[in-house]
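One structure is given below, encoded as structure tokens.
Whatever order the structure lists ligands and atoms in, that order sets their numbers, starting from 1. Bear in mind the structure is a predicted one, so any value in this text is a computation, not a measurement. The analysis underlying the following values was restricted to heavy atoms, covering all of them including side chains, and did not include hydrogens, waters or symmetry mates.
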Amino acid sequence: MTNLNWNNLGFSYRKTNTILCSWFKDGQWSPVESRKDDNLTINAFAGSLHYSVECFEGLKAFRGKDGKIRLFRPEENALRIQRSADFLGIPAPDTELFISMCKQIVRENEDFLPPYGSHASMYLRPTLIGFNPQLGVKSSTECLFMMLCSPVGAYTGGALEPCNAVIARDYDRAAPFGSGSYKVGANYAVSLYSYNKAHALGYQAVLYLDPLTHTKIDEFGSSNFFGIKGNSYITPKSDSILPSITNKSLIEVAKSIGMTVERRDVEVSELATFEEVGECGTAVVITPVSFIDDKPSLESDEKTRYTFYSDKECGPKSLKLYNIITGIQYGEIEDTFGWTEFVD
Ligand SMILES: *Cc1c(COP(=O)(O)O)cnc(C)c1O
């Protein structure tokens, strides 16, 4: 057994028992190899190291109230990595291989799966990289698909602590008609500079606008945006947004409890009318946002501040949605959506 303290896990690398690897070569995926060593041998000329031939996923495994282990919508992650791989022109694991590796990594690292009640979970990081040596710019022909995991925390006691964000009008995370809707590492490389700068100024997140007109909200650096107004759940529609599985789930949950869902353009000025605003993604499901500063440039002293529900707690509508999703994930609420995949 591990001697981890489940209460202060945060979101960081922890050595677990194993990682899983499968190599694509000569038209097929190799048998899955389970490795105790996280260090890999890779050719220095591999395309992933030079041209970002890389895409990844993020999903979680939960220890339920009934003791059973649940994965949340892994098929959606499989389909999404297949779409990202297609964009990069590389082979992707099929859905069956993807899900079986998700289950295997959880089984092999079950002693790192946080117990029910800790509000923690196990984060899975499926990763696909170009592996063959190459010099020319082209899609890799040989790839390595890895299934990695790490136990991660949640906000203590499930209390959702609000964060702040900044609209940095002098930076984009994605180009118009570019890679914004694919889960590729390259998008993150592009966002680091503005994130670091915003962070140094005291902001916890960066909210990016649509890169073509800079008038509409796209998403945060690593999570989608939603706003709540009256009985409506409002989230942007844009081709440069990563299609979040959490957002997709929140939309279905919102509809199921009689909320109106609007997926449409969201002008920046509309921020003034939202009662609650949140970030959504696998890592924490929902992070309430307390305020957003709109700045013409990050260096500028000029700003328009939009404030939302509270800087201390999550708004009631966001909390209701959060409780339903996490309730399904921990097996506290019946999953009427069919989102649960059990790990036997
Ligand atoms: C992964 C990711 C999200 C969240 O997606 P989920 O499927 O909900 O985890 C949102 N935005 C970006 C840029 C992402 O990479």
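Nearest non-hydrogen protein atom to atom 3 (C) of ligand 1 is Ser222 O, 3.5 Å.
Note: no N/O pair closer than 3.5 Å links Cys280 and ligand 1 by distance alone. Considering backbone and side-chain N/O of Lys183, one or more are found under 3.5 Å from N/O of ligand 1.
When the heavy-atom distances from atom 8 (O) of ligand 1 to Gly180, Ser249, Ser244 are ranked, the shortest goes to Ser244.
With Ile167 as the partner, the side-chain contact (heavy atoms from CB on, under 4.5 Å) test is satisfied by one option alone out of Leu271, Leu298, Val206: Leu271. When Lys103, Lys60, Arg70, Lys68 are each tested for a salt bridge (Lys or Arg N to Asp or Glu O under 4.0 Å) with Glu341, only one passes: Lys103.
The Thr282 neighbourhood of ligand 1 comprises atoms 6 (P), 7 (O), 8 (O), 9 (O), with distances under 4.0 Å to a heavy atom of that residue. In summary, the atoms of ligand 1 found under 4.0 Å from a heavy atom of Arg80, numbered by their order in the structure, are 5 (O), 6 (P), 7 (O). For ligand 1, the atoms lying closer than 4.0 Å to a non-hydrogen atom of Ser223 are 10 (C), 11 (N). Close approach of ligand 1 to Glu219 is summarised as follows: ligand atoms under 4.0 Å from at least one heavy atom of the residue are 10 (C), 11 (N), 12 (C), 13 (C). Taking every heavy atom of Gly221 and a limit of under 4.0 angstrom, the matching atoms of ligand 1 come to 13 (C).
The line from CG of Asn17 to CZ of Phe112 is 5.0 Å long, rounded to the nearest 0.5 Å.
Two rings, from Tyr123 and Phe11, have their centers less than 6.0 Å apart. For an aromatic pair to be called close, the ring centres must be under 6.0 Å apart, and Tyr233 with Phe226 satisfies this.
Heavy atoms of Leu242 found under 4.0 angstrom from ligand 1 belong exclusively to the side chain.
Using the six-membered ring where Trp is involved, Tyr330 and His119 have ring planes that are perpendicular, over 60° apart on the 30 and 60° scheme. In this structure, Trp23 and Phe131 have perpendicular ring planes: the angle between them is above 60°, well past the 30° mark.
No single ILVMFWY cluster, assembled from side-chain heavy atoms under 4.5 Å apart, contains both Ile241 and Leu212.
Ligand 1 has Arg173 within reach: a non-hydrogen atom of the residue lies less than 4.0 Å from it.
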